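It should be emphasised that the depicted structure is a prediction, and the values quoted were computed from it without experimental measurement. The analysis underlying the following values was restricted to heavy atoms, covering all of them including side chains, and did not include hydrogens, waters or symmetry mates. Start at 1 with the first residue, then count along the sequence.
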Amino acid sequence: MPAGDAFTPDQLHDIERAVRNAEDTSGLHFSVYVGGADSETRPFAVELLNELDDPDNTVLVYVDPAGRRLEIVTGERARRQLSDASAGLAALTMQTSFATGDLAGGLVTGVQQLGAHAHQPPLLHANNEPHKL
């Protein structure tokens, strides 16, 4: 997570724990990037995602606090698990915290929410036969 010097050690720990929990819950990879964009924010966030080890299975949260920008981008597989509506709700949650000056808390809550929404429920049974009434 770049821009780590913008956070206290405790805040970094909380963000890293939220990322681990989201990964454990969803089976996806999560990455948080805080900093300025070299270009337009959406293409920059997509470029960051594509530079990661496993972009297809990753959710990237990009925040530019100075530019007041937030992007949530997903890889191909991650997109099947995390709907645009769920990502939008998490973005709204984060933006609300950011507006009150709580960057770390917004990231923690938002990443946790993304992980929970991307959770895949366990398969209860593998029998695909129709039920008879």
Side-chain angles (χ1 to χ4, degrees):
M1 181 175 70
D5 56 341
F7 301 103
T8 67
D10 286 342
Q11 289 172 325
L12 277 175
H13 175 74
D14 291 345
I15 294 167
E16 290 167 355
R17 187 178 58 217
V19 166
R20 281 193 311 275
N21 290 341
E23 290 176 339
D24 290 345
T25 299
S26 67
L28 299 172
H29 302 291
F30 282 77
S31 184
V32 175
Y33 183 96
V34 178
D38 295 337
S39 59
E40 293 291 321
T41 54
R42 183 76 180 178
F44 183 73
V46 170
E47 182 181 319
L48 289 172
L49 174 71
N50 289 328
E51 291 175 2
L52 297 173
D53 289 337
D54 188 10
D56 285 342
N57 295 302
T58 300
V59 177
L60 173 88
V61 177
Y62 165 78
V63 179
D64 176 0
R68 302 178 60 94
R69 303 279 187 198
L70 168 66
E71 294 284 347
I72 299 170
V73 292
T74 58
E76 192 64 37
R77 179 170 169 258
R79 189 173 300 121
R80 290 192 295 263
Q81 279 184 238
L82 183 66
S83 71
D84 288 345
S86 294
L89 287 173
L92 184 59
T93 298
M94 286 186 268
Q95 289 170 330
T96 300
S97 291
F98 298 165
T100 64
D102 188 7
L103 182 60
L107 287 169
V108 167
T109 304
V111 168
Q112 289 173 338
Q113 192 172 1
L114 289 166
H117 283 270
H119 171 71
Q120 293 297 299
L123 182 62
L124 297 178
H125 58 81
N127 184 351
N128 290 331
E129 295 179 23
H131 295 282
K132 295 182 182 181
L133 298 176

Do [X] and [Y] have side chains that get closer than 4.5 Å, going by heavy atoms?
X     : Y     : value
His29 : Leu52 : no
Glu16 : Val32 : no
Asp64 : Phe44 : no

Determine whether a donor-acceptor pair (N or O, by modelled atom type, separation under 3.5 Å) exists between the side chain of [X] and the backbone of [Y].
X     : Y     : answer
Ser86 : Leu82 : no
Thr25 : Ala22 : no
Arg77 : Asn57 : no

For atom CZ of Arg69, decide whether the heavy atoms of other residues, nucleotides or ligands shown that lie under 6.0 angstrom number more than 12.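 Counting other residues, nucleotides and ligands, CZ of Arg69 stays at 12 neighbours or fewer.
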
Are there over 12 heavy-atom neighbours, none belonging to Asp53, within less than 6.0 Å of that residue's CG?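 12 or below, so no.
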
Spacing of [atom1] belonging to [X] relative to [atom2] belonging to [Y], to within rounding of 0.5 Å:
X     : Y      : atom1 : atom2 : answer
Leu89 : Thr93  : CG    : OG1   : 6.5 Å
Met94 : Leu114 : CE    : CG    : 5.0 Å
Leu70 : Ile72  : CG    : CD1   : 5.0 Å
Ile15 : Leu107 : CD1   : CG    : 5.0 Å
Phe30 : Gln112 : CZ    : CD    : 11.0 Å
Thr96 : Asp102 : OG1   : CG    : 11.0 Å

Which atom pair, heavy atoms only, marks the closest approach of [X] to [Y]?
X      : Y      : result
Gly115 : Ser26  : O-CB, 3.8 Å
Ala90  : Gln113 : CA-OE1, 3.5 Å
Thr100 : Ser97  : OG1-O, 2.8 Å

I'd like to check the salt bridge (Lys or Arg N to Asp or Glu O under 4.0 Å) partners of Asp14; sequence neighbours left out, ordered by chain and number.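 With sequence neighbours excluded, Asp14 shows a salt bridge (Lys or Arg N to Asp or Glu O under 4.0 Å) to Arg17, given in chain and number order.
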
Check the orientation of Tyr33 and Tyr62. Use parallel for under 30°, tilted for 30 to 60°, and perpendicular for over 60°.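 Rings of Tyr33 and Tyr62: parallel, as their planes differ by under 30°.
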
Just to verify, what does Phe98 make a ring-ring contact (aromatic ring centres under 6.0 Å, His included) with, not counting sequence neighbours?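 Not a single residue meets the ring-ring contact (aromatic ring centres under 6.0 Å, His included) criterion with Phe98.
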
Sidechain N-carboxylate O distance under 4.0 Å for Arg20, Glu23: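 Salt bridge flag = no for Glu23 with Arg20.
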
